[in-house]
Amino acid sequence: MSKLFRVLTVLAFALAMTAPAAAGDPVQITITGVDPSDFPTVRLVASITDAAGRPIDKVSTTDIVLSEDGRAQRSSLERVGEQQPVAVVLALDISGSMAGKPLADAKAALATLIASLGPNDSAALITFDASVHVAQPLTKDKTLVRAAIDAAAANGNTAIFDAANSAIELLAATDPQARRAIVLLTDGVDNSSHVSLAAVAQRMSTQPYPLYVVGLGTSLDNGVLKTLSSSGTGGGLYVAPTSAQLASIYTSLAQQIRVQYLLSYRSDTASAPDGTPLSVTLQYTQAGAVLGSARVTFAVPAGHGVAAAPGSSVRIPSTVKAPIDAGGSTDPVLLGLLGSASALCLLLWVSTLVESRGFALLEQSRLARYIGATVAAEPRRSLWSRIVRPAALRAAAPFGRWAPRGALEGTRRKLAQSGRAIDLTPAEFLGIRIGLGFMCAVLFAFIAVFVQPDLMLVAGAGVIGLLFGYLLPGLWL
């Protein structure tokens, strides 16, 4: 039992400490825009892609679960069409290290993205070395943008943060209802910017659109680039060890930017004060299993909520990307697994205490009762002994036959020492333990489905039920 205890304890703690990892989701959701300007009506723009970065074209309202601060909301969903054009700023590193094939491949990749844009979409090109150059302001004329791309030449150092700051300024002049994005490519580290990483990240955190950073080569500061890319709403870092991989990355980004969905819902916190932060979570589900999720936080805009109390002030950006590893929020699925695993560990501890210490006083009391007891007349056989018990034994017998010889011998010894007239063979008793474990696994998983249709929660509940059902007869014995 001590070996089993150690194995089950390790399994229980491993289960308790397991948390969903967004990076490993088979479906990636990127929230690229949040518009609470008509609060309590809130609109979100999101791209939904598979693990390979290809957009999922056919998404219905039954596939999406939208919740606000953990409360499910009724939402509408539609694919964004030409009525909501795209405005994208391309930032291209033209420092000296980009000379030759890297710059040529980068130009071809940017041209691929430009070609994917529609007639009402606009694009701009920023090039940067030691300084930033607006090579082409925002325009719907894609030939002008392609010409500016072709004219780029490599020279000098690198000012990544200044380029990102200039891209934000370009998009500030666009229609706030438009879908916007920044795509920045660099092959090195910043060594010439006048704006700090913290300053540009803070400014980016107030923007309701994504910043995609593409890192080329192996001489990158991935930590800095990750911080920069994660500062906006959505976005992310894409690393291409060789310039030949840029084409596929920009093709994927073009699809993400073009194929997006508009979700609208009416918040049930319409009476919240101005500036109240609200967290929105999107989940993509199939057959009750959550395949991908994303979260974003926004604040109730001024003039749309309840006025704040006199003397108080709330200063929160209108749109803030929720950090992936935020420690201040706790996933209810993880809470459930932690609670269940804690209860299971307590059960395992009690089981070991019973076996190791033996409860000597209780055994002495049983022995005294046994010595002084008189043989009572055999009671009338109950429904349990006539029907239920034989049926249970027949069902459990196959499980018991699978048990190893050591487990059977240990069970035989415990049955003999139990002090009860338990008319069971070791194989039958082990069969009952295993059978009850499977029954509890199914029951716990069934309950978890109704509590929350989350694949991890259901699997965790099934494992805990299996262990619970197996240990319970041992404690009773």
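All figures in this text were calculated on a predicted structure; none of them were measured in a lab.
For residues 89-115, every residue pair satisfying the salt bridge (Lys or Arg N to Asp or Glu O under 4.0 Å) rule, not counting sequence neighbours, is listed here: Lys101-Asp105. Residue pairs that meet the salt bridge (Lys or Arg N to Asp or Glu O under 4.0 Å) test with at least one member in residues 283-294, sequence neighbours left out, do not exist here.
In this structure a side-chain-to-backbone donor-acceptor pair under 3.5 Å is present from Asp63 to Ser60. A donor-acceptor pair is defined here as one N or O able to donate and one able to accept, closer than 3.5 Å; no such pair exists between the side chain of Gln286 and the backbone of Tyr284. Looking only at distances, no side-chain donor or acceptor of Lys58 sits under 3.5 Å from a matching main-chain atom of Ile56. Under the 3.5 Å distance criterion, the side-chain polar atoms of Lys142 are matched with a main-chain donor or acceptor of Gly118. Distance alone, capped at 3.5 Å, is enough to place a donor-acceptor pair between the Gln245 side chain and the Thr242 backbone. With hydrogens and angles disregarded, a donor-acceptor distance shorter than 3.5 Å links the side chain of Thr112 to the backbone of Ala108. No donor-acceptor pair closer than 3.5 Å links the side chain of Ser75 to the backbone N or O of Tyr265.
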Q.
Quick one, Ile64 with Tyr261, criterion side-chain contact (heavy atoms from CB on, under 4.5 Å). Give me CA distance, side-chain angles, the key distance, then yes/no.
A. CA-CA 11 Å; Ile64 297 295; Tyr261 293 90; over 6 Å; no
Q. Can you check side-chain contact (heavy atoms from CB on, under 4.5 Å) on Leu77 and Val59, steps first, answer last?
A. CA-CA 9 Å; Leu77 179 144; Val59 178; 4.1 Å; yes
Q.
I'd like to know whether Gln207 forms a side-chain contact (heavy atoms from CB on, under 4.5 Å) with Ile182, so could you lay out the CA-CA distance, the side-chain angles of the two residues, the decisive distance to 0.1 Å, and finally the verdict.
A. CA-CA 11 Å; Gln207 308 305 313; Ile182 299 173; over 6 Å; no
**Q.** side-chain contact (heavy atoms from CB on, under 4.5 Å) evaluation trace for Val189 with Ser219
**A.** CA-CA 8 Å; Val189 296; Ser219 302; over 6 Å; no
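Considering only residues two or more places apart in sequence or on other chains, Thr143 meets the side chain to side chain contact (heavy atoms under 4.5 Å, CB included) condition with Asp141, Arg146. Legend: residues meeting ring-ring contact (aromatic ring centres under 6.0 Å, His included) with Phe444, ordered by chain and number and at least two apart, are Phe468. Residues passing the side chain to side chain contact (heavy atoms under 4.5 Å, CB included) test with Ser192, sequence neighbours excluded: Ala130, Asn157, Ala159. By the side chain to side chain contact (heavy atoms under 4.5 Å, CB included) test, Ala294 pairs with Ile29, Ile31, sequence neighbours left out.
Rounded to the nearest 0.5 angstrom, Leu466 CG and Leu443 CG are separated by 12.5 Å. Atom CD1 in Ile149 sits 11.0 Å away from atom CG in Leu144 (nearest 0.5 Å). For the atom pair OG of Ser248 and OH of Tyr238, the computed distance is 11.5 Å after rounding to the nearest 0.5 Å. In this structure, Arg79 CZ and Ile48 CD1 are separated by 11.0 Å, a value rounded to the nearest 0.5 Å. Rounding to the nearest 0.5 Å places CG of Leu92 at 7.0 Å from OG1 of Thr127. Put simply, CG on Leu253 and CG on Leu246 are 10.5 Å apart, with the number rounded to the nearest 0.5 Å.
Under the 4.5 Å side-chain criterion, counting only non-hydrogen atoms from C-beta, Thr158 is not in contact with Asp190. By the 4.5 Å heavy-atom criterion applied to side chains, Leu278 and Phe39 are counted as neighbours. Side chains of Val42 and Gln73 form no contact here, defined as non-hydrogen atoms less than 4.5 Å apart. Residues Arg43 and Asp38 form a side-chain contact, since some pair of their non-hydrogen atoms from C-beta on lies under 4.5 Å apart. Proximity of Gln136 to Leu90: side-chain heavy atoms (C-beta onward) are nowhere separated by under 4.5 Å. Side chains of Leu171 and Leu138 form a contact here, defined as non-hydrogen atoms less than 4.5 Å apart. Proximity of Met204 to Tyr209: side-chain heavy atoms (C-beta onward) are separated by under 4.5 Å at one or more points. Under the 4.5 Å side-chain criterion, counting only non-hydrogen atoms from C-beta, Ser122 is not in contact with Thr139.
The shortest heavy-atom contact between Ser193 and Asp162 is OG-N, 3.1 Å. In terms of heavy atoms, Glu68 sits closest to Thr269 at OE1-OG1, 3.1 Å. Across every non-hydrogen atom of Thr276 and Pro273, the tightest pair is OG1-O, 2.7 Å. Counting all heavy atoms, side chain and backbone alike, Ser95 lies closest to Ala154 at O-CB, 3.4 Å. Here the closest non-hydrogen pair linking Ala299 and Pro36 is O-CG, 4.3 Å. Across all their heavy atoms, Ala201 and Ser231 have their closest contact at O-CB, 3.6 Å.
Around the CZ atom of Arg74, the shell of radius 6.0 Å holds no more than 12 heavy atoms that belong to other residues, nucleotides or ligands. In Asn155, the CG atom is not crowded: 12 or fewer heavy atoms of neighbouring residues, nucleotides or ligands sit closer than 6.0 Å.
Here the options are Val224, Leu184, Leu197, Val200, the test is side chain to side chain contact (heavy atoms under 4.5 Å, CB included), and the partner is Ile160; only Leu184 passes.
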